[in-house]
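A quick write-up on the structure given underneath.
Per chain, numbering begins at 1; letters A, B, ... match sequence-line order. Quick caveat: nothing in here was measured; it's all calculated off a predicted structure.
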Amino acid sequence: MPELPEVETSRRGIAPHIEGRKVERVTVRDARLRWPVPSNLPALIEGQELLEVARRGKYLLLRFASGSVLMHLGMSGNVRIVSSKTKLLKHDHVDIAFAGGKILRLNDPRRFGAVLWTSEPVEVHPLISHLGPEPLSEDFTAELLYQRSRKRTQAVKTFIMDSRIVVGVGNIYANEALFKAGIRPTKPAGKVSRAAYAVLFDEIRQVLSKAIKQGGTTLRDFVGGDGKPGYFKQELTVYGRGGEPCVVCEKPLKEVRLGQRSTVYCTDCQK
DNA sequence: CAGCGCCCCTGCCCGC
DNA sequence: TGCGGGCAGGGGCGCT
């Protein structure tokens with residue numbers, strides 16, 4: 001479900017409700033996420049004030065004085081603010097209840113998500129330390145894409161989806177940015193020109209920021225922390241449209257699999 | 001190291 | 001209506 005825009009939408013939706021509040025109770029109904037939810041999580045944060053809800057890549061970071069909760073939504077996770085009266089749904093695995101009555105609730109049918117704890121600065125955590133720059137920060141540049149791609153034979157699509165290169169570009173937005181940039185997803189990353197990376201760089205940033213503005217993409221059931229769906233779906237030009245006409249030239253879009261992920265492009269518009 | 005496949009898991013949709 | 005197969009927004013890990 002979530003790529004960077006959806007995680008950012010979730011962060012913005014939940015933060016105002018819980019920042020500055022004390023954790024009253026942690027309830028883990030099912031600890032079997034990608035990694036087991038630490039059994040001492042309640043002891044670690046109950047009674048502590050949540051200082052900030054931050055984000056790094058697709059990780060949500062709940063910062064406390066003594067450390068941070070790392071939360072990942074995987075493919076199917078979402079977080080919502082609920083009350084004690086809210087009916088429990090299937091797959092509501094973790095609750096963090098705050099003083100004042102608001103509850104942060106994680107629902108994740110496929111359980112590819114994670115809830116972890118680190119008492120060290122998050123930047124040194126093994127899941128975070130190797131991550132590339134944030135796509136909407138100044139650390140991300142066209143030149144970085146160009147330099148890091150030299151001599152690489154892998155497809156440019158899997159290259160831009162590699163979180164060591166840049167974080168937050170998932171399958172939807174990789175397809176969309178490559179279409180807008182006129183670059184064929186299967187082209188070896190090392191053969192994409194500096195000029196083409198300059199365009200791709202702009203398109204990645206544009207598609208991500210536009211999606212954030214619209215509250216993310218709701219394909220099936222994504223809702224932000226405020227319970228509202230995202231409206232970016234209507235902007236999708238290639239994702240999920242294999243076989244349908246290209247919005248520019250009307251030729252049927254081609255669909256292939258790249259790294260086990262569906263990849264859609266226009267054989268005329270993308271070279 | 002680079003690059004590629006596998007796999008974790010549930011739900012849904014499609015075709016028979 | 002039931003059932004099997006394939007696919008889904010991620011990404012760590014192990015192998016070559």
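- In this structure, C:dT16 and B:dA2 make a Watson-Crick or G-U wobble pair, each of the two defining distances being under 3.5 angstrom.
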>> Let's go through A:Leu33 and A:Leu106 carefully: what are the C-alpha distance in whole Å and the side-chain angles of both, what is the deciding distance for side-chain contact (heavy atoms from CB on, under 4.5 Å) to 0.1 Å, and is it a yes or a no?
In response: CA-CA 11 Å; A:Leu33 300 186; A:Leu106 171 72; 3.9 Å; yes
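- Counting heavy-atom neighbours within 6.0 Å of A:Arg29 CZ, excluding the residue itself, gives a total above 12.
- An OP1 or OP2 oxygen of B:dG3 is reached within less than 4.0 angstrom by a side-chain nitrogen or oxygen of A:Arg152.
- Across all strands shown, A:Gln154 has heavy atoms under 4.0 Å from sugar-phosphate atoms exclusively, and none from any base.
- Residue A:Arg111 places no side-chain atom within donor-acceptor reach of the base of B:dC9, judged by atom type and a 3.5 Å distance cut-off alone.
- The aromatic ring of A:Phe112 sits over the base of B:dC8, with ring centres less than 5.5 Å apart and planes tilted by under 30°.
- Rounded to the nearest 0.5 angstrom, A:Arg111 CZ and A:Arg32 CZ are separated by 4.0 Å.
- At the phosphate of B:dG11, OP1 or OP2 sits under 4.0 Å from a side-chain N or O atom of A:Lys90.
- Using a 4.0 Å heavy-atom distance criterion, A:Arg34 is classed as a base contact.
- Between A:His72 and C:dG12, a side-chain N or O to OP1/OP2 separation shorter than 4.0 Å is absent.
- Mapping A:Gln260 and A:Thr153 onto DNA chain B by nearest heavy atom places A:Thr153 closer to the 5' end of the strand.
- Residue contacts for A:Tyr173: at a heavy-atom cut-off of 4.0 Å it reaches no nucleic acid atom on any strand shown.
- Between A:Thr158 and B:dG3, a side-chain N or O to OP1/OP2 separation shorter than 4.0 Å is absent.
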>> Go through it in stages, so that I can follow the logic: the residues are A:Tyr146 and A:Phe201, the test is ring pair (Phe, Tyr, Trp, His ring centres under 6.0 Å), and I'd like the CA-CA distance, side-chain angles, deciding distance and then a yes or no.
In response: CA-CA 10 Å; A:Tyr146 177 71; A:Phe201 166 78; over 10 Å; no
